[in-house]
Colleague: 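Quick one: this structure, given as structure tokens, is what I'll be asking you about.
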Amino acid sequence: MEKTKRSLETRMIHGTFDRQKHYGSLTPPIYQTSTFSFETAEQGEARFAGNESGYMYSRLGNPTVDALEKKIADLEGGEEGIAFSSGMAAVSAVLYALVKSGDHILVSEGVYGCTFGLLKMMKEKFNVDYDLINMDSEETIESMIKDNTKALYIETPINPTMKLVDIDMVVNVAKKRNLPVVVDNTFCSPYLQQPLALGADIVLHSATKYIGGHGDVVAGLVVGKSEFIQEVRMTTQKDIGGILSPFDAWLLIRGLKTLAVRMDRHCENANKLFDQLKRHPKIKSIVYPGDPEFVQHELAKKQMKHYGGLISFEIDGSKETAQKVMNELSMIQVAVSLGDAETLIQHPATMTHAVVPDEERERMGVTDQLLRLSVGLESVDDIWDDLANGLNKI
Ligand SMILES: *Cc1c(COP(=O)(O)O)cnc(C)c1O
């Protein structure tokens with residue numbers, strides 16, 4: 001019997017997996033197989049012709065991966081999902097599906113470094129043009145849309161300056177021009193932000209981060225209309241080949257079960273750390289969407305359920321001072337990536353943003369003194385003790 005739609009938290013745990021089709025197995029089995037045998041030659045023919053549904057070869061579909069794809073589609077409120085071997089495999093498959101040589105993509109400023117690298121490569125090798133703009137008003141966006149623009153691509157919030165893009169506003173402009181809006185929802189996860197409900201067409205994730213949540217898998221996910229996802233599945237994924245392994249899909253299904261409780265704790269810990277950092281004499285500035293003084297605080301309140309688990313802050317000092325703080329930490333791990341149980345700290349100027357030219361980097365607010373913290377799930381008192389100890393040594 002069709003149940004009324006349960007809450008997001010419940011669907012993260014139960015959701016779409018049909019246990020009765022798998023011997024009642026509570027969790028989806030790991031179908032660790034490369035290929036699937038057909039009962040007859042004719043069955044093989046029918047499957048390849050698309051006249052009979054069923055699995056053929058794991059690059060074209062696998063039941064464990066399928067279980068994950070159905071789950072993420074349900075959680076993002078989209079028609080269909082598709083899984084990839086990394087967030088970048090997801091980003092590239094989506095962009096390759098949307099454009100061809102001679103087309104143009106309008107992109108929000110400050111997107112993930114490798115997404116920027118991909119755009120540059122697509123321009124140099126395949127003549128796909130792009131513009132990176134500050135999407136701060138409908139007028140700005142409208143003025144930058146060209147006749148050959150085929151998609152609007154946004155990321156919100158961005159790393160490490162936490163700048164937000166108003167999804168609703170971008171969708172408004174895009175609808176007038178009949179252009180698809182792609183949202184990289186990595187920093188929020190479907191628990192904190194639901195771009196499709198706001199009218200976006202395609203949402204994607206580096207599932208390596210909050211969705212996996214345990215720092216043990218690299219993966220990507222995309223959700224959108226069936227027609228688009230089918231196209232990706234049968235073209236850019238099938239022929240470029242960045243598929244997810246059944247075991248990694250299983251890890252993500254496992255990660256998703258605790259997404260809501262983890263996100264609540266990430267957000268709560270971040271909020272408490274923000275309060276402490278704000279009062280610390282060695283901190284020059286903080287960027288955190290939950291700061292009532294943050295320039296886009298109202299927008300964060302409007303489109304996010306909570307403010308996320310990331311905080312960036314400037315140390316009063318130099319690059320060396322910032323590095324000294326990191327070297328004094330004993331529990332917090334010095335590492336890029338985010339969304340893990342462990343609290344991680346990184347120095348964007350010399351790590352994630354090292355390739356950005358100095359002037360451009362400073363203009364973006366990624367100074368030598370800036371540190372970015374991915375707040376973990378440890379006791380917030382222990383995180384603060386460690387941080388305060390580092391800060392008090394400078
Ligand atoms: C990490 C990240 C990516 C790339 O994902 P990978 O899984 O590392 O390939 C894309 N977008 C954002 C916002 C990210 O943080």
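As a basis for the values below, the full set of heavy atoms in this structure was taken, side chains included, without hydrogen atoms, waters or symmetry mates. We count ligands from 1, going down the list as the structure has it; atoms in each ligand are counted the same way.
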Colleague: Taking ring-ring contact (aromatic ring centres under 6.0 Å, His included) as the definition, give me every residue that meets it alongside F294, ordered by chain and number, with sequence neighbours left out.
Modeller: none
Colleague: If we only count heavy atoms from C-beta on, is the E155 to V165 side-chain gap below 4.5 Å?
Modeller: no
Colleague: Mind checking salt bridge (charged side-chain N to carboxylate O under 4.0 Å, His left out) for K284 and listing every partner two or more places apart, or none if nothing turns up?
Modeller: none
Colleague: Of all residues at least two apart in sequence or in a different chain, which pass the ring-ring contact (aromatic ring centres under 6.0 Å, His included) check with Y191?
Modeller: none
Colleague: Residues around ligand 1, heavy atom under 4.0 Å from any ligand atom, sorted by chain and number. Can you pull those?
Modeller: S86, G87, M88, Y112, E155, D184, T186, F187, S206, T208, K209, V218, A219
Colleague: Would you check if there is a donor-acceptor pair between the side chains of H205 and D184 at a distance under 3.5 Å?
Modeller: no
Colleague: More than 12 foreign heavy atoms under 6.0 Å from CD of E52: is that the case here?
Modeller: yes
